[in-house]
Amino acid sequence: QLQLVESGGGLVQPGGSLRLSCAVSGRTFSRYSMAWFRQAPGNEREFQATITWIGGSTHYADSVKGRFTISRDNAKNMVYLQMNSLKTEDTAVYYCAAGRGGYTSSSSASYDYWGQGTQVTVSS
């Protein structure tokens with residue numbers, strides 16, 4: 001099994017930036033795809049971005065395209081979500097996820113492992 005641990009959340013003003021990190025450990029995961037989801041209180045878990053571990057193909061939700069960037073550092077076993085131009089509606093718990101499909105997917109069902117989440121609050 002994989003273990004995913006997110007960090008980097010916090011309080012930021014609208015228009016500000018944060019970088020979330022996801023440390024990946026456990027069994028081999030070179031064929032996995034990685035993703036970031038978020039969930040605000042009362043809402044469904046919402047896809048944000050995904051990247052394949054091998055090849056680095058990416059896909060983004062329309063709401064974050066041009067503002068968020070997903071990346072991975074294979075040597076460090078890390079996945080990142082750089083969030084710029086943050087809006088109040090970005091406030092949520094952000095989750096890192098891993099799936100065995102090895103391809104980009106916006107469906108939570110495609111992902112087998114999940115981190116504990118990190119809180120992002122965008123407020124003036």
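For the numbers below, each heavy atom of this structure counts, side chains included, while hydrogens, waters and symmetry mates do not. Remember, it's a predicted structure, so these values are computed and weren't measured experimentally.
Applying the ring-ring contact (aromatic ring centres under 6.0 Å, His included) criterion to Tyr111, with sequence neighbours excluded, gives Phe37. Under the side chain to side chain contact (heavy atoms under 4.5 Å, CB included) criterion, Ser110 pairs with Ser105, Ser107, not counting sequence neighbours.
Exactly one residue among Ser123, Ser85, Ser124 makes a side-chain contact (heavy atoms from CB on, under 4.5 Å) with Pro14. That residue is Ser124.
Heavy-atom contacts from other residues, nucleotides or ligands closer than 6.0 Å to CD of Glu89 number more than 12.
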In sequence, state the C-alpha distance, the side-chain angles, and the governing distance for Met78 and Ser21, and then conclude on side chain to side chain contact (heavy atoms under 4.5 Å, CB included).
CA-CA 7 Å; Met78 297 289 291; Ser21 299; 3.7 Å; yes

Taking it one step at a time, do Phe68 and Trp36 satisfy side chain to side chain contact (heavy atoms under 4.5 Å, CB included)?
CA-CA 10 Å; Phe68 292 7; Trp36 289 94; over 6 Å; no

Test side chain to side chain contact (heavy atoms under 4.5 Å, CB included) on Leu4 and Met34; report intermediate values, then the result.
CA-CA 10 Å; Leu4 311 177; Met34 307 297 298; 4.1 Å; yes

For a side chain to side chain contact (heavy atoms under 4.5 Å, CB included) check, start with the C-alpha distance between Tyr60 and Gln48, then their side-chain angles and the critical distance, and finish with the verdict.
CA-CA 6 Å; Tyr60 295 90; Gln48 299 295 289; over 6 Å; no

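Both Tyr94 and Val12 are members of a single hydrophobic cluster when ILVMFWY side chains are connected at heavy-atom separations under 4.5 Å. In terms of hydrophobic clustering, with Ile, Leu, Val, Met, Phe, Trp and Tyr side chains grouped at heavy-atom distances under 4.5 Å, Trp114 and Val79 are assigned to different clusters.
In this structure, CD on Gln3 lies 10.0 Å from SG on Cys22, to the nearest 0.5 angstrom. In this structure, the separation between OG on Ser57 and CD1 on Ile51 is 8.0 Å, given to the nearest 0.5 Å. Tyr103 OH to Thr50 OG1: the interatomic distance, rounded to the nearest 0.5 Å, is 10.0 Å. One finds the CD1 atom of Ile70 at 10.5 Å from the OG1 atom of Thr104 (value rounded to the nearest 0.5 Å).
Glu46 places a side-chain heavy atom less than 4.5 Å from the side chain of Ser63.
Within the structure, the salt bridge (Lys or Arg N to Asp or Glu O under 4.0 Å) test picks out the following pairs touching residues 62-74 (sequence neighbours left out): Arg67-Asp90.
With hydrogens and angles left out, the side-chain atoms of Tyr95 and Arg38 include no donor and acceptor closer than 3.5 Å.
What you find for Ala92 and Gln119 is that their closest heavy atoms are O-NE2, 3.4 Å. When all heavy atoms of Asn43 and Gln39 are compared, the closest pair comes out as O-NE2, 3.0 Å.
Remark: side-chain polar atoms of Glu6 are paired, donor with acceptor, to backbone N or O of Gln116 under 3.5 angstrom. Judged by distance alone, the side chain of Ser106 and the main-chain N or O of Phe47 form no donor-acceptor pair under 3.5 Å. Side-chain atoms of Thr91 come within 3.5 Å of backbone atoms of Val122 as a donor-acceptor pair (strictly under, hydrogens ignored). Side chain of Tyr80 to main chain of Thr69: no donor-acceptor pair is present (N/O by atom type, distance under 3.5 Å, no hydrogens or angles).
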